[in-house]
Amino acid sequence: MIENGFNATLFPKRIGRLSYFFRLLLMLAIYYLGFFAIRQCPLGQGLRFVIILTFVVVFVGYLFCFVVMPRLLDFGLPPLAIILFFIPILNTLFGLCLMFGPRDYWQTLRHKTQ
């Protein structure tokens with residue numbers, strides 16, 4: 001589990017389709033539970049905004065760096081392909097491709113066309 005002082009379970013370098021799917025489900029559950037918990041806390045509006053903003057930044061950072069990025073590498077795409085997740089509609093199609101595409105799929109496609 002530990003590679004070079006790096007926890008491979010929480011911070012993987014590459015993940016497969018099934019792991020990607022379950023990590024997305026887990027992140028969705030954490031997202032909704034976190035927002036529900038924050039909304040139920042008796043805090044002032046300003047403090048609640050800061051907590052929500054911090055939660056979203058940490059959540060999205062972890063999601064992109066340690067769920068989507070390893071799947072991109074496993075799929076055979078460069079890390080810069082994460083920019084496609086910021087384009088509406090295309091991000092849904094790209095996410096589905098990552099979920100159902102096999103390991104190194106993009107690399108095999110490139111070699112077939114050459």
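- The environment of CD1 in I89 is sparse: at most 12 heavy-atom neighbours from other residues, nucleotides or ligands sit within 6.0 Å.
- Here the closest non-hydrogen pair linking P70 and C65 is CD-O, 3.5 Å.
- Atom CZ of R23 is separated from atom CZ of R71 by 12.0 Å, given to the nearest 0.5 angstrom.
- Between L24 and L63, the shortest heavy-atom contact is CD2-CD1, 3.9 Å.
- Distance check: F94 CZ to L84 CG gives 5.0 Å after rounding to the nearest 0.5 Å.
- Atom-to-atom distance recorded for I51:CD1 and R48:CZ is 8.5 Å, nearest 0.5 angstrom.
- The side-chain contact (heavy atoms from CB on, under 4.5 Å) search around Y31 returns F35, F55, F59, not counting sequence neighbours.
- There is no path of hydrophobic side-chain contacts, each under 4.5 Å, that joins M69 to V58.
- Considering CD1 of I30 and CG of L33, their distance stands at 8.0 Å, rounded to 0.5 Å.
- Grouping the Ile, Leu, Val, Met, Phe, Trp and Tyr side chains by contacts below 4.5 angstrom, directly or via other members, places I83 apart from V60.
- Note on L98: it clusters hydrophobically with L18, by side-chain heavy-atom contacts below 4.5 Å among ILVMFWY residues.
- Remark: L25 engages F21, F22 in a side-chain contact (heavy atoms from CB on, under 4.5 Å) (not counting sequence neighbours).
- Under the 4.5 Å side-chain heavy-atom criterion for grouping Ile, Leu, Val, Met, Phe, Trp and Tyr, L53 is not connected to M27 through any hydrophobic cluster.
- Inter-residue side-chain proximity for L72 and P79 is flagged as unmet; no heavy-atom pair is nearer than 4.5 Å.
- Atom CD1 of residue I82 and atom CG of residue N91 lie 11.5 Å apart, to the nearest 0.5 angstrom.
- In this structure, the side chain of T54 engages the main chain of V50 through a donor-acceptor pair within 3.5 Å.
- Placement of F100 and L73 in two distinct hydrophobic clusters is found when ILVMFWY residues are connected by side-chain heavy-atom separations under 4.5 Å, directly or transitively.
- Atom CD1 of residue I87 and atom OG1 of residue T92 lie 12.0 Å apart, to the nearest 0.5 angstrom.
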task: Determine, step by step, whether F75 and R14 satisfy the side-chain contact (heavy atoms from CB on, under 4.5 Å) criterion, reporting the C-alpha distance in whole Å, the side-chain angles of both residues, the deciding distance to 0.1 Å, and the verdict.
output: CA-CA 9 Å; F75 195 65; R14 293 177 70 152; over 6 Å; no
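- Between F86 and F64, the gap from one ring centroid to the other is short of 6.0 Å.
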